[in-house]
Amino acid sequence: PEEELDILDNSALAEKLHKLQYKTSKLLDTYGVGRIYREGVGVAIVGRPNVGKSSLMNCLLERDRVIVTEKPGTTRDTVEETLQIEGVAVRIIDTAGVREAVDEAERMGAKRAVEAAREADIVLLILDGSERLSMDDINLIDELRSKEEPGGPAIIPVVNKSDKVLRLEADDVEKRTSHVLSRISAKNNDGIDDLRERISARIDKLGENLYDGPVLTRERHMEKLNEMSHSVGRAMETVKQGMSREFVAADLQDAKEALGELTGKEIDEMALEKIFSEFCIGK
Ligand SMILES: Nc1nc2c(ncn2[C@@H]2O[C@H](COP(=O)(O)OP(=O)(O)O)[C@@H](O)[C@H]2O)c(=O)[nH]1
Ligand SMILES: [Mg+2]
């Protein structure tokens, strides 16, 4: 019954809304982690044709799964394989080389490389150590850098073909990427264990709050929670502007509906009533 409820003053109401918003955003932050639970960590291998992407993937998989040839641009599509690194499912995505399209298939492949990088948690940017840095390399670095923050994938620059004379401007690459280079030879299987460890360290970082409380795993849930968050944000604004509680109530009703859709039939009505009764609306 309404007469039992205390009517909150504006600052107390703002405080409660703020807390609700904070908790909502914390839960929203777990979405990426939820995706890792569901799909595994995504590691994309990108770089221009012939730098040794498919060779590296084979090293990581320790078997000859991906076709490797002398001719640039053999891997026309993306190839995906899953392996375990310290108990975590890791999806390795080998992409076609990124460069100016020579034909339609390659154009699609290059586009997919950038897309794969966007959806990945970690991007292995492969460069050929036996050649000087090319415009294609630089463009790719810039493209990836622009997606790195915030919430974008972590870049690990990898210089391959360390069995050959180094002609790549390594300092320049470190400066451009702001990351230390890993040097490997996919051909000789050199530096692969170190690279694996580096990937593993990144995964640990991604999964820091992996086991800490509930995580959002579904896109639909994330969307509903986002809707709720927007409504709570509107309610906060309404309170700040000192508008009538009816308007706050309307915003919170929207928030409640979004949350209701999120939790579906299993919604705990009592818990909801408790939350929303705290925002008691004066007549
Ligand atoms: N010398 C040397 N050659 C390599 C190395 N890794 C790959 N290659 C060669 O580079 C060529 C292209 O390799 P591939 O893995 O198909 O490159 P991708 O186009 O980036 O997938 C092949 O001839 C490989 O044998 C390496 O570490 N050292
Ligand atoms: Mg390839």
Side-chain angles (χ1 to χ4, degrees), residues 42-83 90-120 122-145 153-170 173-174 176-177 179-199:
V43 177
I45 306 179
V46 304
R48 62 184 170 76
N50 233 31
V51 293
K53 296 179 299 297
S54 302
S55 304
L56 170 60
M57 185 167 182
N58 286 338
C59 285
L60 290 170
L61 294 169
E62 291 162 309
R63 65 198 151 100
D64 279 354
R65 165 68 181 75
V66 189
I67 307 152
V68 176
T69 65
E70 301 282 344
K71 205 165 137 261
T74 312
T75 319
R76 285 298 168 90
D77 212 331
T78 57
V79 181
E80 191 173 315
E81 292 275 350
T82 302
L83 69 143
V90 177
R91 290 178 299 119
I92 308 265
I93 305 136
D94 177 17
T95 64
V98 176
R99 68 157 181 196
E100 237 10 78
V102 294
D103 63 29
E104 184 67 13
E106 196 139 65
R107 197 182 64 77
M108 293 299 290
K111 200 168 151 244
R112 279 203 191 91
V114 175
E115 269 166 22
R118 195 178 301 140
E119 282 167 29
I122 296 168
V123 174
L124 303 180
L125 167 63
I126 316 302
L127 301 159
D128 186 337
S130 69
E131 289 176 11
R132 307 196 58 189
L133 201 62
S134 75
M135 238 7 249
D136 289 333
D137 293 327
I138 291 169
N139 287 340
L140 184 55
I141 291 170
D142 291 346
E143 182 89 15
L144 293 173
R145 283 287 286 170
I155 299 170
I156 300 181
V158 178
V159 176
N160 189 30
K161 310 196 184 180
S162 66
D163 53 289
K164 289 173 135 185
V165 175
L166 180 72
R167 296 177 77 185
L168 184 87
E169 301 85 340
V173 175
E174 292 195 329
R176 283 177 190 275
T177 61
H179 293 292
V180 175
L181 296 175
S182 285
R183 293 203 67 192
I184 62 161
S185 167
K187 187 183 170 192
N188 296 348
N189 216 40
D190 274 344
I192 303 299
D193 285 344
D194 285 349
L195 180 60
R196 225 191 232 106
E197 261 172 42
R198 196 170 169 191
I199 295 170

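This is a predicted model, so every value here is computed, not measured. Atoms within a ligand are numbered from 1 in the order they appear, just like the ligands themselves.
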Do any nitrogen or oxygen atoms of K53 come within less than 3.5 Å of a nitrogen or oxygen of ligand 1? yes
N or O contact, N188 vs ligand 1, cut-off under 3.5 Å: no
Using 2.8 Å as the threshold, say whether any N, O or S atom from S54 sits that close to the Mg ion (ligand 2). yes
Who passes side-chain hydrogen bond (donor to acceptor under 3.5 Å, both in side chains) against D137, sequence neighbours left out? R48, S134
Step-by-step side chain to side chain contact (heavy atoms under 4.5 Å, CB included) determination, L125 to I156: CA-CA 6 Å; L125 167 63; I156 300 181; over 6 Å; no
Could an N or O of ligand 1 be found under 3.5 Å from any N or O of S54, whether backbone or side chain? yes
Between G52 and ligand 1, is there a nitrogen or oxygen pair with a distance under 3.5 Å? yes
Enumerate donor-acceptor pairs with a distance under 3.5 Å from any side-chain N or O in residues 183-190 to protein atoms, sequence neighbours excluded.
from : atom 1 : to   : atom 2 : distance (Å)
S185 : OG     : D163 : OD1    : 2.8
S185 : OG     : N188 : N      : 3.1

When you look at M57 and E81, which way does the side chain to side chain contact (heavy atoms under 4.5 Å, CB included) test go after all the steps? CA-CA 9 Å; M57 185 167 182; E81 292 275 350; 3.5 Å; yes
What verdict does the side chain to side chain contact (heavy atoms under 4.5 Å, CB included) test give for V46 and V123, after you've listed the backbone C-alpha separation in whole Å, the side-chain angles of each residue and the deciding distance to 0.1 Å? CA-CA 7 Å; V46 304; V123 174; 3.6 Å; yes
At under 4.0 Å between heavy atoms, is it the side chain or the backbone of N160 that contacts ligand 1, or both, or neither? side chain
Any N/O pair V51/ligand 1 closer than 3.5 Å: yes
Does R167 form a side chain to side chain contact (heavy atoms under 4.5 Å, CB included) with E131? I'd like the steps, not just the answer. CA-CA 5 Å; R167 296 177 77 185; E131 289 176 11; 5.9 Å; no
The option among N58, D163, V46 carrying the non-hydrogen atom nearest to atom 28 (N) of ligand 1 is D163
For atom 11 (C) of ligand 1, the option (of N50, V159, D190, I45) bearing the nearest heavy atom: N50
